[in-house]
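Written below as structure tokens is the structure these notes are about.
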Amino acid sequence: MIAWVNGHFLPLEKAVVHIEDRGFQFADGVYEVIACFNGSFLDMDAHLQRLERSCQAIDITPPVSRNALLSLIEQTYQRNPYANALVYIQITRGVAPRSHLVPQALTPTMVITSRDLAMPSDEKISTGVNGITLNDIRWKRCDIKSIALLASVIGKQEAKQHGADETFWQDDQQHILEGCTTNCFAVINGALVTHPLDHQVLGGITRSMALRIAKSLDIAVEERSWKLDEAGLTECLMSCTTNAIMPVCHMNGEAIGTGHPGPVATLLRQEMLKAFAALQSNKPTHA
Ligand code: PDD
């Protein structure tokens, strides 16, 4: 594997950053994960805009222009052997002796990698995701795609210990906010319902895509708070770049609806995969 690190393409084992990088010391940085299908990136503009917003929110100036970044992302993708890939971009504030106060004129660190995009197994798609809920222990700026992911690591581990796949965070009134690495939806009286965009959730690019697809299929969309025990709730779904849309069929050991993937999750997933397939046949350029 070849990675971009601070101005150079290097073999992964040589692609290193300084121990005084503020990303390492303070998680002082942001990231993006973008899917690429056979050379075509999914919603690239939206990802780059979100990266710029995340940088701006913590007052980091990206080290290169948007066009230069686009070119580096494409080159990183091309230099690696994966036709369907997940490109990871991380920008941190840079290297400085450890001190909370930010020194003037730091050069941000930027790392880009491109790895194999593994889609969920057929078995997982047919049985659905198994979720648990936990009270949200994260910070109050979940709208920033920060590399400070300790709560998400704890949440994922907790899910695993319960034989589950994902932890969904809930607020102190038991509203479902989002998962550790996913946005979460319910189908309530036929409408697709998801928490509104605020400081408690990340504005997922796949979330936007799911809402767009639902609207195009005349499925009502409601961006509002919701709870698992709401009357009329028949399905739960989750979305993220790495999994597209997935049905969530159990929560805390109890079946959601029938306990099997429901019609809305199945339809939305199918439509999203069609969009991926269309991208894939776009431009077969991978070496
Ligand atoms: N996670 N919410 C959180 C907290 C996330 O970390 C993610 C993505 C999402 C979904 O966002 P998108 O649809 O843009 O992928 C929602 C990435 C995949 C990760 O951390 O690896």
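Keep in mind that this is a model prediction, so the values were computed, not measured. Values below: every heavy atom of this structure, side chains too, minus hydrogens, waters and symmetry copies. Order of listing sets the numbers, starting from 1, for every ligand and every atom in it.
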Kindly indicate, with the supporting measurements, whether the criterion salt bridge (charged side-chain N to carboxylate O under 4.0 Å, His left out) is fulfilled by R141 and D143.
CA-CA 5 Å; R141 288 303 306 273; D143 53 313; 2.9 Å; yes

How does [X] reach ligand 1, by side chain, by backbone, by both or by neither, if only non-hydrogen atoms under 4.0 Å count?
{"X": "N183", "answer": "both"}
{"X": "S152", "answer": "neither"}
{"X": "V201", "answer": "neither"}

Return yes or no for this condition: an N or O of [X] is under 3.5 Å from an N or O of ligand 1.
{"X": "T206", "result": "yes"}
{"X": "R50", "result": "yes"}
{"X": "T241", "result": "yes"}
{"X": "E178", "result": "yes"}

Going by the ring pair (Phe, Tyr, Trp, His ring centres under 6.0 Å) test, name the single residue among F41, Y82, F9 that passes it with Y77.
F41

I'd like to know if E235 and R269 make a salt bridge, using a cut-off of under 4.0 Å between side-chain N and carboxylate O.
no

Would you call E223 and R207 a salt bridge, taking side-chain N to carboxylate O under 4.0 Å as the test?
yes

Passing option when T167 is tested against T133, D136, I132 for side-chain contact (heavy atoms from CB on, under 4.5 Å):
I132

Could you point out which residue of V248, L268, L211, V264 forms a side-chain contact (heavy atoms from CB on, under 4.5 Å) with F185?
L211

side-chain hydrogen bond (donor to acceptor under 3.5 Å, both in side chains) with E32: of Q90, H47, K145, only one passes, and it is H47

Closest non-hydrogen contact found for L177 with V201 is O-CG1, 3.4 Å

How about Q173: does its CD atom have over 12 heavy atoms from other parts shown lying under 6.0 Å from it?
yes

Please say whether more than 12 non-hydrogen atoms of neighbouring residues, nucleotides or ligands are located less than 6.0 Å from NZ in K160.
no

Does ligand 1 have an atom that lies less than 4.0 angstrom from a heavy atom of [X]?
{"X": "C180", "value": "yes"}
{"X": "Y88", "value": "no"}
{"X": "G179", "value": "yes"}

Starting from [atom], what is the nearest protein heavy atom, named by residue and atom, and what distance separates them?
{"atom": "atom 20 (O) of ligand 1", "result": "Y31 OH, 2.6 Å"}
{"atom": "atom 7 (C) of ligand 1", "result": "T181 O, 3.3 Å"}
{"atom": "atom 1 (N) of ligand 1", "result": "K145 NZ, 3.4 Å"}
{"atom": "atom 21 (O) of ligand 1", "result": "V33 CG2, 3.8 Å"}

Give the atom numbers and elements of ligand 1 that come within less than 4.0 Å of a heavy atom of G204.
11 (O), 12 (P), 13 (O), 14 (O)

